[in-house]
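No experiment lies behind these values; they were computed from the predicted model shown. Throughout, a chain's letter reflects where its sequence line sits, starting with A, and its residues are numbered from 1.
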Amino acid sequence: MATAYQPDPRPSGGPVRHSAPPPDGWGVDVLKSHRCGELRSRHAGERVRLAGWVHRRRDHGGLVFLDLRDESGLVQIVCHPESAPEAHAVASTVRAEWVVAVEGEVQARREGTVNEALPTGSVEVAASEVRVLAEAATPPIAVNQEAAAEEATRLRYRYLDLRRERMAQNLRMRHRVVQGIRRYLEERGFVEVETPMLSAATPEGARDYLVPSRIHPGRFYALPQSPQQWKQLLVVAGFERYYQIARCFRDEDLRADRQPEFTQLDVEMAFVERDDVLDLVEGLYAHLAREVNPERRLQAPFPRIPYAEAMERFGSDKPDLRYGMEIADLSRPALSGELGIFRQAVADGGRGRGFAVPGGADTARRELDRLTGLAREAGAGGLVPVAYGGSGPLEGLAPEEVRSPVARFFEPEVLAEMGRLCGARRGDLLLAVAAPDDVSSRALDVLRREVASTRALADEDELAFCFVTDFPLFEWDAREERWQASHHLFTAPVEEDVPLLESQPGAVRSLAYDLVCNGQELASGSIRAHRPEVLLAVMGILGIDEAQARERFGHMLDAFGYGAPPHGGIAPGLDRTVALFARERDIREVIAFPKTKTASDPLTGAPSSVDPAQLAEVHIDVRP
RNA sequence: GGCCCCGUAGUGUAGCGGUUUAACACGCCACCCUGUCACGGUGGAGAUCGUCGGUUCGAAUCCGAUCGGGGUCGCCA
């Protein structure tokens with residue numbers, strides 16, 4: 001498929017709208033007495049001055065209609081050849097996207113000519129004067145319709161793309177979300193503090209964007225991947241409730257939900273425990289959803305699901321809770337059959353696990369093959385489908401009522417028991433795999449999401465938030481054969497697991513948590529290890545001895561030595577949050593000037609080559 | 001970095017070895033049109049098919065390289 005601009009999936013909302021229309025005269029100045037979109041029947045008889053872009057022209061030879069568009073919306077201008085010949089003559093020459101000023105009288109439209117689809121549709125402005133303020137070349141992408149356009153074209157002419165209703169609405173949505181965040185946090189005593197963009201490179205985590213130093217030959221600043229250390233230092237400095245809407249940079253490959261620069265709502269709080277942070281974020285998102293997405297359903301309080309439970313029930317640490325299909329352990333009934341794969345899996349420390357697809361019994365063979373392929377790609381040896389015929393509960397299942405390639409290995413009652421464990425009824429389809437837990441989780445997660453997607457089980461009008469908690473503190477990096485911090489290295493372990501630090505690092509739970517909505521991770525955070533001895537113990541597991549710790553994190557350890565309050569925080573991704581509320585699946589649709597897949601900007605040409613003299617100043621030789 | 005998809009008038013697509021003078025829609029230009037609102041009607045202009053190279057009697061069409069855009073795995077919280 002071409003990489004085309006997808007049609008806007010949302011119901012068409014007419015012209016650009018504001019949550020609260022501004023009062024009359026908001027935009028009063030020399031050129032404009034009113035804004036196009038605010039004119040209503042009550043303005044009939046008023047003389048107005050308007051200015052904006054020609055959205056569309058309808059030339060009847062005699063009469064000419066202009067749809068005039070400004071930030072507030074559209075209004076129809078009518079130009080009569082008899083009563084205003086000069087205005088009519090100018091109107092006959094204007095083209096789409098020309099900028100014009102109009103003076104005229106607001107008139108109620110006569111009966112039968114009212115346009116119900118337009119907020120201003122009950123009136124029109126009879127022009128006495130039309131002035132051209134700027135002509136416009138024919139735009140390479142149509143501003144007045146939601147037509148497809150190549151991503152590169154959209155970005156090269158982003159200023160035109162942003163004139164279109166969808167993008168204009170998305171950026172206004174972003175503004176409203178940001179304002180909502182600021183108001184919410186302001187009411188709760190948070191202080192917004194800026195932190196440096198030029199800081200020190202860190203070997204951990206993502207690749208840094210580097211900035212060469214002119215004053216220090218051979219040295220580099222790094223753009224922040226996040227203000228992590230700064231925010232903790234601010235808390236140590238006595239700012240008990242800090243936040244920042246911070247730009248972050250990561251030099252990694254791009255995705256629909258990843259840009260090289262992106263925005264985080266960075267939050268840190270002193271004297272808090274995990275639930276204080278979660279309560280705050282829950283309140284914030286419930287507040288934002290009510291404000292910008294009042295039409296969508298939301299369940300509060302948000303479920304708080306430990307990581308282990310999320311993996312067990314959904315095979316994922318970012319479960320989509322909008323549909324059921326929870327995973328069940330099928331090992332016990334599976335072992336009573338003759339099928340070798342289940343016995344083998346259990347003998348190897350794995351299990352038989354599966355879930356039921358409601359109404360899936362009629363799934364075609366071809367589709368089952370495709371799902372099997374997906375399970376294999378995820379590492380499973382195969383997929384065991386069981387289709388239960390008829391309707392009603394799974395009692396008294398006859399052999400001919402079960403359709404499965406493995407039916408002959410099991411008594412019908414055993415297959416029924418497997419179905420019951422997944423909550424299946426007749427008419428449903430059981431999908432099961434036999435594998436180690438990490439493999440079955442991965443495979444069943446893929447299948448769950450695939451089935452939900454093909455069967456359209458996820459309700460787009462629902463916002464199913466949840467928190468996932470108690471992540472493992474470490475994860476094993478098989479390639480480098482060492483433990484890595486699964487969140488980041490300042491994350492505190494769960495207190496009761498501290499004794500396990502030495503003996504079983506993999507079993508230590510952390511006070512890290514994620515905010516998840518509709519299967520997407522929106523935020524990540526943790527309570528921090530603020531006691532130097534715990535921090536050093538954690539670093540020890542990560543292979544950082546005290547000397548190295550002093551070398552690299554001495555400033556943090558020093559700071560924590562001068563009276564660090566217990567603290568923690570979270571960092572929601574703003575771009576993802578806005579995309580969620582704007583019902584967009586690509587964060588590029590909610591960023592004014594995003595980068596392409598190859599991290600370049602077709603509008604400005606960045607990244608560009610620079611003058612050799614400029615390079616010499618920062619002591620850089622570029623290899624040919 | 002690996003794999004996959006796409007690149008044809010301004011825009012989006014069709015054409016996928018030879019009756020193609022490269023088609024269609026929107027847009028654009030001209031003329032007509034006094035109640036339209038995705039106005040309507042008639043006519044017209046506009047493309048060496050991303051670029052370079054190869055195969056072939058013949059290439060938009062097949063092959064290779066390259067550039068650009070997108071997806072995905074790795075990477076990334």
Side-chain angles (χ1 to χ4, degrees), chain A residues 1-7 12 14-15 55-68 74-83 88 92 95-97 107 109-118 120-121 124 126 137-157 160-161 204-208 225-226 228 248-260 262 264 317-318 377-378 468 471 475 479 484-488 491 512-516 520-526 570-573 576 585-586 588 595-598 600 602:
Chain A
M1 280 298 286
T3 56
Y5 180 92
Q6 295 299 310
S12 169
H55 192 67
R56 225 175 232 117
R57 179 180 58 121
R58 289 178 295 281
D59 186 342
H60 286 240
L63 272 185
V64 172
F65 296 101
L66 301 179
D67 286 341
L68 190 65
L74 292 181
V75 71
Q76 174 164 282
I77 312 295
V78 58
C79 303
H80 292 276
E82 297 87 4
S83 51
H88 177 265
S92 299
R95 294 293 184 267
E97 300 309 311
Q107 300 178 337
R109 294 209 200 174
R110 48 170 105 139
E111 210 164 321
T113 65
V114 169
N115 185 348
E116 302 287 352
L118 223 51
T120 61
E124 63 193 359
T138 301
I141 51 181
V143 173
N144 58 19
Q145 54 183 319
E146 293 291 320
E150 194 100 11
E151 189 70 20
T153 312
R154 293 181 61 198
L155 293 185
R156 176 160 173 218
Y157 301 99
L160 296 178
D161 195 31
E204 257 85 28
R207 200 175 292 121
D208 287 314
Q225 296 179 22
S226 80
Q228 184 57 41
C248 307
F249 303 85
R250 292 181 187 156
D251 187 4
E252 297 291 349
D253 283 356
L254 279 64
R255 287 286 191 283
D257 60 355
R258 276 171 14 203
Q259 282 274 310
F262 61 99
Q264 274 186 354
D317 62 0
K318 42 184 181 199
E377 272 172 49
V468 177
F471 279 82
E475 51 194 41
R479 209 177 35 184
Q484 295 236 340
S486 41
H487 181 60
H488 59 67
T491 301
Y513 33 79
D514 281 359
L515 173 66
V516 171
Q520 221 209 344
E521 180 194 318
L522 288 182
S524 228
S526 65
I570 193 162
R576 290 181 187 184
R585 72 179 36 189
D586 194 323
R588 275 181 296 224
K595 304 273 189 293
T596 67
K597 175 86 196 303
T598 52
S600 55

Report the distance from atom CD of A:E151 to atom C1' of B:U11, rounded to the nearest whole Å. 15 Å
Span that lies between the C1' atom of B:A22 and that of B:C31, in whole angstrom: 29 Å
Is B:A59 paired to anything, Watson-Crick or G-U wobble with both distances less than 3.5 Å, and if yes, which nucleotide? none
When rounded to whole Å, the CG to P distance for the pair A:D59 and B:A30 reads 11 Å
Can you check whether any acceptor in the base of B:U36 is under 3.5 Å from a donor in the side chain of A:R109, or vice versa? yes
Can you check the distance between B:G10 and B:G71, where both ends of the measurement are the C1' atom (answer in whole Å)? 27 Å
For every nucleotide of nucleotides 71-77 of chain B, 5' to 3': is a protein heavy atom under 4.0 Å from its base (B), only from its sugar-phosphate (S), or from neither (-)? BBBBBBB
Does the side chain of A:T138 get closer than 4.0 angstrom to OP1 or OP2 of B:G27 through an N or O atom? no
What integer number of Å spans the C1' atoms of B:U21 and B:U48? 14 Å
Rounded to whole angstrom, note down the P distance from B:A25 over to B:G40. 13 Å
Rounded to the nearest 0.5 angstrom, the CG-CZ distance for A:L74 and A:R56 is 8.5 Å
Out of curiosity, A:L118 CG to A:D67 CG, how far, rounded to the nearest 0.5 Å? 7.0 Å
Stacking between A:H60 and the base of B:C39 (centre distance under 5.5 Å, interplanar angle under 30°)? yes
By the Watson-Crick or G-U definition, both distances under 3.5 Å, B:A47 is matched with none
So, are A:R588 and A:E151 salt-bridged, with charged N and O less than 4.0 Å apart? yes
Counting Watson-Crick and G-U wobble pairs only, both distances under 3.5 Å, name the nucleotide matched with B:G17, or none. none
Nearest-Å distance for atom pair CD/P, residues A:E97 and B:U11: 16 Å
Verify side chain to side chain contact (heavy atoms under 4.5 Å, CB included) between A:H88 and A:S83, making sure each step is shown before the conclusion. CA-CA 9 Å; A:H88 177 265; A:S83 51; over 6 Å; no
Tell me what A:E124 touches on the nucleic acid: a base, only sugar-phosphate, or nothing, going by heavy atoms under 4.0 Å. base
Here the pair of heavy atoms bringing A:R250 nearest to A:Q264 is NH2-NE2, 3.9 Å
Between B:A45 and B:A60, how far apart are the two C1' atoms, rounded to whole Å? 22 Å
For B:C67 versus B:G50, give the span between their C1' atoms, rounded off to a whole number of Å. 8 Å
CG of A:N144 versus P of B:A38: gap in Å, rounded? 11 Å
Atom P, compared across B:A9 and B:G1: separation rounded to whole Å: 29 Å
Answer with base, sugar-phosphate or nothing: what part of the nucleic acid does A:Q145 contact at a heavy-atom distance below 4.0 Å? sugar-phosphate
What's the CZ-C1' distance between A:F65 and B:G40, to the nearest Å? 13 Å
In Å, rounded to the nearest 0.5 Å, how long is the span from CD of A:Q145 to NE2 of A:H55? 9.0 Å
Nearest to the side chain of A:R56, which nucleotide is it out of B:C39, B:G69, B:C33? B:C39
Regarding A:P81, tell me which of base, sugar-phosphate or nothing describes its non-hydrogen contacts under 4.0 Å with the strands shown. base
A:K318 atom NZ, neighbour heavy-atom count above 12 within 6.0 Å: no
Name the residue closer to the 5' end of RNA chain B, choosing between A:K595 and A:R110 according to the nucleotide with the nearest heavy atom. A:R110
Step through the shown structure and confirm whether more than 12 heavy atoms of other residues, nucleotides or ligands are within 6.0 Å of CZ on A:R156. no
Rounded distance (Å) that lies between atom P of B:C39 and atom CG of A:L74: 11 Å
Could you please name the partner base of B:G68, counting Watson-Crick and G-U wobble pairs only when both distances are under 3.5 Å? B:C6
First encountered from the 5' end of RNA chain B, between A:D67 and A:T596: A:D67
Are any protein N/O atoms closer than 3.5 Å to N/O atoms in nucleotides 44-49 of chain B? If there are, list each pair with its distance.
none

Could you check, using the six-membered ring where one of them is a Trp, whether A:F65 and A:H60 have ring centers closer than 6.0 angstrom? yes
Using a cut-off of 4.0 Å on non-hydrogen atoms, how would the nucleic acid contact of A:R95 be classed: base, sugar-phosphate, or nothing? sugar-phosphate
State the pairing partner of B:U11; accept Watson-Crick or G-U wobble contacts with both distances under 3.5 Å, and report none otherwise. B:A25
Lys/Arg-Asp/Glu bridge criterion (N-O < 4.0 Å) met for A:D253, A:R258: no
Which is true for A:A142 with a 4.0 Å heavy-atom rule: it touches a base, it touches only sugar-phosphate, or it touches nothing? nothing
Hey, could you give me the CG/OG1 distance between A:D161 and A:T153, rounded to the nearest 0.5 Å? 9.5 Å
Taking atom P of B:U36 as reference, at what distance in whole Å does atom NE2 of A:H55 sit? 19 Å
Have a look at A:D251 and say if it touches a base, only the backbone sugar-phosphate, or nothing, with a 4.0 Å heavy-atom cut-off. nothing
Below 4.0 angstrom from OP1 or OP2 of B:C39, is there any side-chain N or O of A:R58? yes
How long is the span from the CG atom in A:L155 to the CD atom in A:E150, to the nearest 0.5 Å? 10.5 Å
In whole angstrom, give the distance that lies between atom NE2 of A:H88 and atom C1' of B:C33. 11 Å
Heavy-atom donor-acceptor pair, A:E150 side-chain to B:U11 base, under 3.5 Å: no
Donor on one side chain, acceptor on other, A:R58 and A:Q76, under 3.5 Å: yes
Checking all strands, does A:S600 fall into the base, sugar-phosphate, or nothing category for heavy-atom contacts under 4.0 angstrom? sugar-phosphate
Inter-nucleotide P distance (B:A65, B:C6), Å rounded: 16 Å
Is there a donor and acceptor pair closer than 3.5 Å between the side chain of A:R57 and the base of B:C39? no
May I ask you to evaluate whether A:T153 reaches the phosphate of B:G69, defined as a side-chain N or O under 4.0 Å from OP1 or OP2? no
Using a cut-off of less than 4.0 Å, is there contact between a side-chain N or O of A:R156 and OP1 or OP2 of B:G69? no
